[in-house]
Amino acid sequence: NMGQIRYCYEKGLQVEPSLKGRVAVSFVIGAGGQVSTARVQHSSVESRQLEGCIVGRLKGFKFPRPVA
């Protein structure tokens, strides 16, 4: 899944070549392994486009279902 996050960063670099910083995202994984909620917790990037791309991609991630 990191490739999808990297895609967002590379896409952001095309718009703003000096793009740099950190984006912290909080998310909840539902019982079925899907991401039920995701949001930017903190960002020093100053790019709503990059932040939105990361959150959007994260919401599509699938995780293994819990055993119990």
Side-chain angles (χ1 to χ4, degrees):
N1 290 326
M2 284 305 296
Q4 293 184 47
I5 304 301
R6 191 169 289 114
Y7 166 81
C8 291
Y9 177 64
E10 295 293 332
K11 189 175 170 183
L13 283 176
Q14 292 175 357
V15 175
E16 180 59 50
S18 63
L19 189 66
K20 63 181 179 179
R22 290 180 167 228
V23 178
V25 181
S26 64
F27 60 97
V28 175
I29 302 170
Q34 77 287 356
V35 175
S36 58
T37 61
R39 66 181 179 88
V40 173
Q41 187 80 24
H42 173 76
S43 177
S44 64
V45 176
E46 298 178 9
S47 170
R48 296 284 184 217
Q49 179 184 0
L50 174 61
E51 294 165 1
C53 181
I54 291 171
V55 168
R57 295 291 173 144
L58 187 63
K59 286 181 178 178
F61 286 5
K62 301 284 184 189
F63 292 88
R65 295 177 77 132
V67 176

Practice task
Please list all pairs passing the salt bridge (charged side-chain N to carboxylate O under 4.0 Å, His left out) test where one or both residues lie in residues 9-18, with sequence neighbours left out.
Solution key: none
Handout entry: Partner set under side chain to side chain donor-acceptor pair (under 3.5 Å) for S36, not counting sequence neighbours
Key =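 S36 satisfies side chain to side chain donor-acceptor pair (under 3.5 Å) with no residue once adjacent residues are dropped.
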Run the side-chain donor-acceptor check on residues 42-68: report pairs under 3.5 Å with partners two or more places apart or on a different chain.
{"from": "S43", "atom 1": "OG", "to": "V45", "atom 2": "N", "distance (Å)": "3.2"}
{"from": "S43", "atom 1": "OG", "to": "E51", "atom 2": "OE2", "distance (Å)": "2.6"}
{"from": "S44", "atom 1": "OG", "to": "R22", "atom 2": "N", "distance (Å)": "2.9"}
{"from": "S47", "atom 1": "OG", "to": "L50", "atom 2": "N", "distance (Å)": "3.2"}
{"from": "R48", "atom 1": "NH1", "to": "E51", "atom 2": "OE1", "distance (Å)": "3.1"}

Exercise for the section: Consider only side-chain heavy atoms of I, L, V, M, F, W and Y, link residues closer than 4.5 Å, and tell whether L13 and V23 are in one cluster. Expected result: yes
Problem - Contacts of Q41 that satisfy side-chain contact (heavy atoms from CB on, under 4.5 Å) - sequence neighbours left out - result: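 By the side-chain contact (heavy atoms from CB on, under 4.5 Å) rule, Q41 matches A24, S26, R39.
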